[in-house]
Structure formats: C-alpha cells, structure tokens
2 protein chains.
Amino acid sequence: MDNQNISDLIETYLKQILERNEKIEIRRAEMADQFHCVPSQINYVIKTRFTIPKGYVVESKRGGGGYIRIIKIKLSNDTDILSEMENLVGDRVSQDDAFAIIQQLYENEVLSKREGNLILSVLSKQILQMDLIYDEEQLRARLLQAFLERLGYEEAE
Amino acid sequence: MDNQNISDLIETYLKQILERNEKIEIRRAEMADQFHCVPSQINYVIKTRFTIPKGYVVESKRGGGGYIRIIKIKLSNDTDILSEMENLVGDRVSQDDAFAIIQQLYENEVLSKREGNLILSVLSKQILQMDLIYDEEQLRARLLQAFLERLGYEEAE
DNA sequence: GCTCATTGACTATCTTTGACCTTCATTATA
DNA sequence: TATAATGAAGGTCAAAGATAGTCAATGAGC
C-alpha cells in the first residue's frame with residue numbers, strides 16, 4: 001500500500017504528468033535533487049519503467065542544456081498495433097516485456113481483461129521456466145507470436 | 001480454530017483483515033517479527049492456506065520496497081468441469097485431446113469462441129513441436145493446466 | 001510412524017549508490 | 001580563427017543493500 005520505494009515514487013510522478021501531456025522533459029540532476037536520490041537512479045527508473053513495450057520513447061542530450069525527454073507513444077489502428085507488437089516480441093521476450101505488451105493491447109481495447117489475463121497466465125516465468133532444457137524467453141516469444149497472429153485473424157473477420 | 005500453532009494464528013490474523021478488505025499487503029520480515037517466527041514461515045502459511053482453490057491469489061515483489069500481496073478472488077461456478085478437465089490433462093496431453101477439451105469447455109459455455117481459439121492457437125502441434133529438445137505433450141499439458149487454473153476464478157469487484 | 005509445522009542456510013530478484021565514462025557548449029588561447 | 005581547455009550535462013556498470021522464495025532437515029502431535 002505505501003511501502004513505496006523511491007523508484008516507484010519517481011515513476012508515479014512522471015506518469016502523472018504524462019497523463020496530461022504528450023511528453024515531458026526533465027533535467028536529471030534536478031529530478032535527483034527533488035527526490036533525494038543519486039542521478040543514476042533516474043536512469044534506473046527510466047530503464048525499468050519507461051520502455052518501449054510499456055509505450056514510451058526516451059530521448060536525451062548531454063552537455064550544457066542537456067535533458068531527458070520521455071514521450072508517450074500513441075498507437076493507431078488495431079492492425080498496426082498488432083504488427084508493431086510482433087516486431088517488439090521478435091524471437092525472444094522477457095516476462096516483463098510480454099506483460100507490458102498485453103497491458104498495451106488491453107488499454108487499446110484489442111483485448112478484454114479476461115482475455116489478457118488468460119494469455120498472461122501462460123506467459124509467466126512460473127509456467128515457462130520449467131526445466132533448463134529450452135530457452136524460456138524464446139518459448140515465450142513463440143507463444144506470444146501465436147497469440148498475436150490469432151488476434152490478427154480475429155481482426156480481419 | 002484455536003489450536004495454538006503459529007501458522008494458524010497468522011492465517012487467522014490475515015483472514016480477519018481480508019474479511020474487511022479486498023486485499024492486503026504485508027512485508028514478510030515485519031510479519032515474522034510480529035509473530036516471532038522465521039520469515040520463511042510466512043511463505044509456508046501462504047502456500048498452505050492462501051491457495052487459489054481457497055479463494056486467494058498471491059503476488060509479491062523482492063528487493064527494496066518489496067511486499068507480499070494477498071488478494072481475495074471470486075471462484076467461478078464452473079470449478080467442477082474445470083477440475084475434471086485438469087484431471088484429464090494430467091501432465092501430458094496430445095493435441096487432439098487438448099482440442100477436444102477446449103471444445104467441451106466452449107460447449108459448456110465456460111469459454112467464448114474467441115477465447116477458445118486464442119487458447120488453441122498456442123496449443124497446436126505447429127507451435128509446440130519446435131525443437132525436439134523438450135517433450136511437446138508435457139509442455140502442452142503445462143500450458144493447458146495454467147489456462148484451466150486461470151479460468152477457475154475472476155477478480156472480485 | 002505419519003503428517004503437518006518450524007527453522008535456517010542458500011538462492012533469486014529488485015533497488016540504491018557511487019566511481020568512472022561520454023558528449024556537448026562555452027570560453028580561453030595560440 | 002582554429003583549437004584546446006573547462007565545465008556541465010547525461011550514461012554505464014558493478015557492488016552493496018533490501019527483500020522475498022526454496023528446500024530439506026528437524027521437531028511436535030497425533
């Protein structure tokens with residue numbers, strides 16, 4: 001409930017702003033000051049919470065007048081979304097990224113909540129990390145690709 | 001009810017809170033302190049008393065700001081047919097049998113057509129029979145079991 | 001003797017921190 | 001004016017810290 005760590009606080013703060021704005025531009029040192037943490041923690045937050053599968057693009061510039069810019073990606077029609085996600089998945093995908101992708105599909109109403117949960121139930125580490133005989137991330141990618149392809153058919157009908 | 005073992009006390013304590021709340025979030029070490037036991041006993045209690053058939057799902061996170069979250073769920077009305085199917089699946093299942101099982105669930109209105117097709121898309125020989133390194137039927141069973149378990153409940157409102 | 005409960009050593013995962021590196025703009029200097 | 005020095009950002013990475021998970025040995029109560 002409120003055993004929030006600093007990274008979560010920073011994440012929440014930024015996402016709050018991004019709900020009202022297409023993008024946000026920050027100065028790393030300032031952020032770090034504001035949240036009483038070291039600058040590299042800002043990088044950590046960005047790297048773990050503002051990834052492309054989660055729907056964000058990040059640009060930055062060093063030197064005088066440097067900045068970090070976080071942009072919320074807006075996806076267009078369902079077909080585009082699906083093929084975009086297929087690209088993201090590729091032939092290996094982590095649990096985090098897979099979950100983020102399903103979340104995106106849900107938010108864009110490509111999937112119902114129930115469908116999303118069904119898919120997720122099978123992509124979890126717990127299920128796929130069985131024996132070390134096969135590559136977990138590769139298998140997850142194969143399954144997720146199959147789901148995405150199927151959703152593409154649905155779309156076409 | 002008042003067997004004085006610690007595990008029962010912890011269970012009672014948590015369930016008392018869950019009667020008033022949809023979910024509860026604890027810190028394992030804190031709980032352990034509070035009940036004067038070792039941290040892993042909390043895991044034991046959760047594993048034996050907060051299972052899905054008993055109406056709970058558990059999520060957790062490690063590291064700084066870590067937590068264990070217990071969520072009350074609503075069990076579906078179809079648990080009978082679902083557990084029957086789980087028995088049928090066992091730990092290995094052929095494509096044909098898996099398809100027949102999904103068909104059954106569809107006919108019994110446990111699944112929509114779309115949900116059934118989504119599930120099937122991932123249980124096919126084509127998808128699972130990739131490398132011959134692992135046992136295809138075993139993997140299929142694992143995936144199908146995960147689906148069946150997930151179909152057994154919904155999040156309460 | 002069985003089953004369930006308790007413990008603790010070891011493991012896995014996530015966060016925080018800091019030392020060191022790279023890039024860019026501005027200013028000083030030959 | 002071209003270039004070198006300086007300072008001001010942001011980037012990387014690995015170690016240390018903070019939690020939770022697993023598992024097998026041991027204990028307690030039928």
Side-chain angles (χ1 to χ4, degrees), chain A residues 1-14 23-52 54 56-71 94-100 124-132 136-137 140, chain B residues 1-14 23-51 54 56-71:
Chain A
M1 312 287 184
D2 53 325
N3 49 340
Q4 291 235 306
N5 55 52
I6 298 186
S7 290
D8 287 347
L9 290 179
I10 299 172
E11 176 189 9
T12 301
Y13 172 78
L14 293 173
K23 62 185 174 183
I24 178 180
E25 208 169 283
I26 63 174
R27 326 194 82 236
R28 189 179 74 151
E30 240 174 50
M31 266 298 109
D33 269 4
Q34 193 175 325
F35 285 93
H36 308 294
C37 67
V38 297
S40 59
Q41 181 148 17
I42 308 301
N43 297 84
Y44 174 74
V45 172
I46 283 172
K47 197 155 109 190
T48 52
R49 284 121 158 116
F50 293 88
T51 62
I52 291 181
K54 291 192 164 81
Y56 301 92
V57 172
V58 178
E59 300 167 350
S60 67
K61 201 176 81 168
R62 307 186 191 189
Y67 59 82
I68 298 175
R69 182 160 36 209
I70 306 175
I71 305 157
S94 70
Q95 171 178 275
D96 265 13
D97 286 352
F99 278 41
S124 75
K125 229 182 171 88
Q126 207 201 351
I127 298 299
L128 298 187
Q129 195 186 47
M130 278 333 211
D131 320 305
L132 305 176
E136 177 201 329
E137 299 208 338
R140 183 179 294 111
Chain B
M1 271 317 162
D2 45 326
N3 261 357
Q4 278 310 293
N5 75 59
I6 299 186
S7 290
D8 287 345
L9 289 181
I10 298 171
E11 177 189 10
T12 302
Y13 172 79
L14 293 174
K23 60 185 174 186
I24 178 180
E25 209 170 283
I26 63 173
R27 324 190 95 237
R28 189 180 74 152
E30 239 173 50
M31 267 298 109
D33 270 3
Q34 195 174 322
F35 286 92
H36 308 294
C37 66
V38 296
S40 59
Q41 181 147 14
I42 308 302
N43 297 86
Y44 174 75
V45 172
I46 282 172
K47 197 149 116 192
T48 53
R49 289 131 157 108
F50 293 88
T51 61
K54 290 182 172 142
Y56 304 91
V57 287
V58 178
E59 299 168 352
S60 68
K61 199 173 86 167
R62 307 184 191 190
Y67 58 80
I68 298 176
R69 184 163 28 211
I70 307 175
I71 304 158

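Each chain gets a letter, A, B and so on, in the order the sequences are listed, and its residues count up from 1.
Here D/dT19 presents its C1' atom at 14 Å from CD1 of B/Ile42, a figure rounded to the nearest Å. Atom CD in B/Glu59 sits roughly 14 Å away from atom P in C/dC14 (whole-Å rounding). As a whole-Å value, the separation of A/Asn43 CG from C/dA19 C1' is 14 Å. In this structure, A/Tyr67 atom OH and D/dG10 atom P are separated by 11 Å, rounded to whole Å. Across the protein-nucleic acid pair, B/Arg69 atom CZ and D/dG21 atom P stand 13 Å apart, rounded to whole Å. The separation between A/Ile10 atom CD1 and C/dC14 atom C1' is 15 Å, rounded to whole Å. Atom P of nucleotide C/dT15 and atom CG of A/Leu9 are separated by 12 Å, given to the nearest angstrom. What separates NZ of A/Lys47 from P of C/dC14 is a distance of 14 Å, to the nearest Å.
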Taking only N/O atoms, report every protein-nucleotides 21-25 of chain C pair under 3.5 Å with atom names and distance.
{"unit_1": "C/dT22", "atom_1": "O4'", "unit_2": "A/Arg62", "atom_2": "NH1", "d": "3.1"}
{"unit_1": "C/dT22", "atom_1": "O2", "unit_2": "A/Arg62", "atom_2": "NH1", "d": "2.5"}
{"unit_1": "C/dA25", "atom_1": "OP1", "unit_2": "A/Lys61", "atom_2": "NZ", "d": "3.4"}

Show each protein N/O and nucleotides 1-5 of chain C N/O combination with a separation under 3.5 Å, one pair to a line.
{"unit_1": "C/dA5", "atom_1": "OP1", "unit_2": "B/Arg49", "atom_2": "NH2", "d": "2.8"}
{"unit_1": "C/dA5", "atom_1": "OP2", "unit_2": "B/Tyr44", "atom_2": "OH", "d": "2.0"}
{"unit_1": "C/dA5", "atom_1": "O5'", "unit_2": "B/Tyr44", "atom_2": "OH", "d": "3.1"}

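Taking all atoms of both residues into account, the shortest heavy-atom contact from A/Arg140 to A/Gln95 is NH1-N, 3.2 Å.
Here B/Ile68 lies in heavy-atom contact (under 4.0 Å) with sugar-phosphate atoms only. Residue A/Lys125 is in sugar-phosphate contact alone, with no base atom involved, counting any heavy-atom pair closer than 4.0 Å across all strands shown.
Rounding to the nearest 0.5 Å places CZ of A/Arg69 at 5.0 Å from NZ of A/Lys23. Of the inter-residue distances, the one linking A/Ile46 atom CD1 with A/Ile70 atom CD1 reads 4.5 Å to the nearest 0.5 angstrom.
Contacts classified as side chain to side chain donor-acceptor pair (under 3.5 Å) and involving residues 30-41 of chain A (residues at least two apart or in different chains) are given here: A/Ser7-A/Gln41.
Within the 4.5 Å cutoff, side-chain heavy atoms of A/Asp8 are placed close to those of A/Asn5. With a 4.5 Å cut-off on side-chain heavy atoms, A/Thr51 and A/Asp96 do not count as touching. Residues A/Cys37 and A/Ile10 have side chains in contact (heavy-atom distance under 4.5 Å, counting atoms from C-beta outward). When side chains are defined from C-beta on, B/Lys54 does not count as touching B/Phe50, because their heavy atoms never get closer than 4.5 Å. Between A/Met31 and A/Ile68, every side-chain heavy-atom pair lies at or beyond the 4.5 Å cut-off.
By the salt bridge (charged side-chain N to carboxylate O under 4.0 Å, His left out) test, B/Arg28 pairs with no residue at all, sequence neighbours left out. Under the side-chain hydrogen bond (donor to acceptor under 3.5 Å, both in side chains) criterion, B/Arg62 pairs with no residue at all, not counting sequence neighbours.
Against DNA chain C, the stretch residues 24-34 of chain A makes no heavy-atom approach under 4.0 Å.
Side-chain to base pairing of B/Ser40 with C/dG8: one donor and one acceptor N or O lie within less than 3.5 Å of each other.
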